[in-house]
Amino acid sequence: MKFREDINGLRAIAVFAVVLFHFKAAWMPGGFAGVDVFFVISGFLMTGIIFKGIEKETFSILKFYVSRANRIVPALSVLCLVLLILGWFYLTPIEYKSLGSHASSSMGFLSNVIYWNESGYFDEASHKKWLLHTWSLSVEWQFYIIYPLVLVSLRKLMSLDKIKITILLATVIGFILCVIATYKWPNASYYLLPTRAWEMMVGGIAYLYPFKNLKEIGKKSLELTGLFLIIFSYLFISKDNYWPGYLALFPVVGTYFIIQAQREKSFITSNLLSQKIGAWSYSIYLWHWPFVVVIYSFSLNDNFIYLGIILSVLLGFLSNKFIENKKFRNDFNTLFSYLKFKPLYMVLAVGLMGSFTFISQGFTSRFNLTADFENIKEELVIPLRSNGYCFNAFSRSESNSALVDLEKGTNCYLGIKGKPTSTLLFGDSYAGHNEPFFDEIFKANNASFQSIVTNWCMPSLTENFTGPKTHLGYKQCLLNRGYLKENLNKYKNIIFAGAWGEALEKKQFNDVESIIERSAKLGINIFIMAAPHKYKKNPLDSFYRSIYFDFPFNIDEIEDNDILMNKGNELLEKLSYQYSNVHFINRELLYEKGNVFTKNGISVPYSLDGAHISMLGSKSSAGYFMKRNEYETIMNYFQLN
């Protein structure tokens, strides 16, 4: 296709936004919409290539795939290879194993599916994934595979005009699907092709139905309108909005307008800077995210953001000049000649390296560690049913709904199992992380307790939920709360635990106070567990690095995110003073000073992920609590017989 300066300049506008958003979201809250701009551009160009080939009856699907691979694979494979090499020296086995999985899935263009199954795009944990940004390349490549197959098949059944109408209708249907799915399955909608394909097809519509006979003033107005819509999405949309959904119309329609304007000599898109950045945009996009991860992972100050941006542009330029612009053969005439297709070997080589890194558990053999540490590491996990506890966790919102079950969710006991009990632990995952704590204590007191715990299920009798209501935990939570409401009178003791900061943030704190007050008025002994200290980053990452690379671990260097959690603790402690049968167990009774404990001579953080307590941390907390003077007093409040 004829090179268009306006489209090249659009790439600069897109990558500029993405880079700024990733390095510092406050600079451009909706900068992630730059990816949507890329999708529309890609759809326009691919539709043009495919339709021209179909019209001339010269289109080859294999040659199309080869052309796309020549464009995308070399620079991506170099990035993955560099990260795998550096990771050998600087990443812990856990981090390196994850990188291996992500590198192989990126080279296989399935990384969007992998990331969808792991966490949300905007989750804090995503900032530790070195190749997170390749999800969009996977979406595009999946589109490249399916789109020409569909168009070539349709050509055998209908005329080109009818194909164009079909694409138009499919785009509308795809948009409707996207809007519905974004609110029902937000993570899947963000990452997966079915809810993103319509954006690329809008680009196709721009090619198939071009605006004709526009005068210069009309072109300029169209371009400025498009630019306004894109900039609006960058500045006034944020990660707090459901995305893509209907809001994606802003950057998508904006890009569509600029493409239709066809202003080749526009100062906005055709200036020298836009043209250079546009030419380097793919490589800039590839290289910028690892620098974001470095800054996040190693808690570097904001000055490194500017260095990261400069290095992203520099490496983008070098990658474009020496890798992207290298011409790879694409004139294969026989199946045998495809054996000379070099990007295929890049995919296989880097993909196998990543897979082997994952299978080998991140090459733990690189380090000579003590058996004491290995034993500790095995227990730095969340307590779950799979490791002997009762926390009924659902890992995916789209999991099999048959997993939701009243009997399974409520019939689980810890401590001295089999002994009759009138004690209940109820709450969300923060109640779950307290299961080892109470398991140790109730065993020491020759007693048992019932635990009813699932994701985001704050102590409450309402239908409010701190997590996404698309998650299966919500259905289980309603069952749990229904059970609690019907059986509240049968308990002598109830332990409530939860993420009190999240209850405040989601304006559901009144729900928590109401269930406490209602239970207290029934004469039940109520015990409220303080929520633990919350950090902006996971202390375990720094802990593991200190062990593997032999340097001191200092949890105080990790920035706090504790304001709301601490405020929730204070409010509940204050509430407990109003009732003689409500007892608040504060942090000072639960955790050693500094939020670390010593195990086998090693200083270990209680925190599993920056918020929850690990299984080992919970057990250690129990040991610490039982040594406190207040322990006997608190246990005397329980009616265990």
Side-chain angles (χ1 to χ4, degrees), residues 3 5 7-24 31 34-35 37-38 41-42 67-91 99 102-103 106-107 109 111 129-137 140-141 269-298 300 303-330 342-347 349-351 353-354:
F3 178 80
E5 289 186 354
I7 290 178
N8 191 48
L10 254 178
R11 290 194 182 102
I13 293 171
V15 79
F16 174 77
V18 173
V19 168
L20 289 187
F21 170 75
H22 281 155
F23 275 105
K24 197 171 182 67
V35 170
V37 175
F38 277 126
I41 293 171
S42 183
S67 174
R68 290 297 84 213
N70 283 340
R71 168 83 174 99
I72 293 173
V73 168
L76 175 62
S77 62
V78 170
L79 170 69
C80 292
L81 180 62
V82 168
L83 291 176
L84 285 169
I85 292 171
L86 292 177
W88 175 276
F89 298 102
Y90 298 109
L91 296 184
L99 174 61
H102 296 161
S106 295
M107 295 309 301
F109 297 104
S111 62
K129 298 174 181 177
W130 297 88
L131 292 165
L132 175 71
H133 59 320
T134 64
W135 75 269
S136 63
L137 303 182
E140 286 197 29
W141 187 256
T269 55
S270 298
N271 64 77
L272 181 62
L273 181 62
S274 292
Q275 288 302 299
K276 291 297 184 184
I277 297 298
W280 309 336
S281 60
Y282 172 54
S283 286
I284 291 173
Y285 181 79
L286 284 179
W287 284 99
H288 86 283
W289 179 254
F291 289 113
V292 174
V293 176
V294 167
I295 292 170
Y296 175 86
S297 298
F298 295 96
L300 304 179
N303 292 329
F304 285 92
I305 291 175
Y306 304 103
L307 178 61
I309 293 173
I310 292 169
L311 290 175
S312 300
V313 175
L314 176 61
L315 287 178
F317 158 70
L318 293 173
S319 174
N320 174 261
K321 182 176 177 64
F322 296 107
I323 301 172
E324 280 190 78
N325 285 337
K326 185 173 178 59
K327 301 300 180 184
F328 290 92
R329 182 179 172 184
N330 63 359
K342 293 179 180 178
L344 175 63
Y345 296 103
M346 296 178 186
V347 169
V350 179
M353 284 180 64

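Nothing here was measured: the structure is a model prediction, and the numbers come from that model.
Scored by the ring-ring contact (aromatic ring centres under 6.0 Å, His included) test, Phe304 finds no partners at all (sequence neighbours excluded). Considering only residues two or more places apart in sequence or on other chains, Trp280 meets the ring-ring contact (aromatic ring centres under 6.0 Å, His included) condition with Phe317.
Checked against the 6.0 Å centroid criterion, the rings of Trp289 and His22 qualify as a close aromatic pair.
Counting heavy atoms from C-beta outward, Val18 and His133 have side chains that stay 4.5 Å or more apart. At a threshold of 4.5 Å between non-hydrogen side-chain atoms, the residues Ser274 and Ile13 do not count as touching. Trp130 is not listed as a side-chain neighbour of Leu79, based on a closest heavy-atom distance of 4.5 Å or more. Contact annotation: the side chain of Thr269 never approaches that of Glu5 to less than 4.5 Å [non-hydrogen atoms, C-beta and beyond]. Residues Trp287 and Ser319 form a side-chain contact, since some pair of their non-hydrogen atoms from C-beta on lies under 4.5 Å apart. Side-chain contact check for Val350 versus Leu84: some heavy-atom pair is nearer than 4.5 Å. Residues Lys129 and Leu131 are not in side-chain contact: their nearest non-hydrogen atoms beyond the backbone lie 4.5 Å or more apart. With contacts defined as side-chain heavy-atom distances shorter than 4.5 Å, the pair Phe291/Leu300 does not qualify.
Sequence neighbours left out, the pairs with a member in residues 309-324 that pass salt bridge (charged side-chain N to carboxylate O under 4.0 Å, His left out) are Arg71-Glu324.
Within the model, atoms CG of Leu344 and CZ of Phe328 stand 12.5 Å from one another, a figure rounded to the nearest 0.5 Å. In this structure, SG in Cys80 is found 11.5 Å from NE2 in His102, a value given to the nearest 0.5 Å. Between Leu315 atom CG and Asn320 atom CG the span is 12.5 Å, to the nearest 0.5 Å. For the atom pair CD1 (Ile295) and CG (Asn303), the distance works out to 10.0 Å, reported to the nearest 0.5 Å. Note that the CH2 atom of Trp141 and the OG atom of Ser42 stand 11.0 Å from one another [nearest 0.5 Å]. Rounding to the nearest 0.5 Å places OG of Ser283 at 11.5 Å from CG of Leu314.
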What do the steps show when you test Leu76 against Phe109 for side chain to side chain contact (heavy atoms under 4.5 Å, CB included), and what is the final call? CA-CA 11 Å; Leu76 175 62; Phe109 297 104; 3.9 Å; yes

Under the criterion side chain to side chain contact (heavy atoms under 4.5 Å, CB included), I'd like the reasoning laid out for Phe23 against Ile309: C-alpha separation, chi angles, the key distance, then a yes or no. CA-CA 8 Å; Phe23 275 105; Ile309 293 173; 3.6 Å; yes

Could you give me the CA-CA distance, side-chain angles and deciding distance for Gln275 and Asn271, then say whether side chain to side chain contact (heavy atoms under 4.5 Å, CB included) is met? CA-CA 6 Å; Gln275 288 302 299; Asn271 64 77; over 6 Å; no

What do the steps show when you test Leu286 against Leu137 for side chain to side chain contact (heavy atoms under 4.5 Å, CB included), and what is the final call? CA-CA 10 Å; Leu286 284 179; Leu137 303 182; 3.7 Å; yes

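Under the 3.5 Å distance criterion, with hydrogens and angles disregarded, no donor-acceptor pair is assigned to the side chains of Ser67 and Asn70. For the residue pair Ser312 and Tyr285, no side-chain donor N or O sits within less than 3.5 Å of a side-chain acceptor on the partner.
Taking both residues in full, the closest heavy atoms of Asn8 and Ala279 are given as OD1-N, 3.3 Å, listed atom of the first, atom of the second, then distance. Across all non-hydrogen atoms, the minimal contact from Leu99 to Leu83 is CD2-O, 3.4 Å. Closest heavy-atom contact between Gly351 and Met107: N-CG, 4.2 Å. Between Val73 and Pro343, the closest heavy-atom pair is CG1-O, 3.6 Å. Summarising the geometry of Ser281 relative to Val15, their closest heavy-atom pair is O-CG2, 3.6 Å, with the distance given to 0.1 Å.
Tyr282 OH: more than 12 foreign heavy atoms inside a 6.0 Å radius. For Tyr90, the OH atom is loosely surrounded, since the number of other residues' heavy atoms within 6.0 Å does not exceed 12. When the shell of 6.0 Å around OH of Tyr306 is examined, it contains 12 or fewer heavy atoms from other residues, nucleotides or ligands.
Not one N or O on the side chain of Thr134 forms a donor-acceptor pair closer than 3.5 Å with the backbone of Ser106. Panel note: side chain Ser297, backbone Val294; no donor-acceptor pair is recorded below 3.5 Å.
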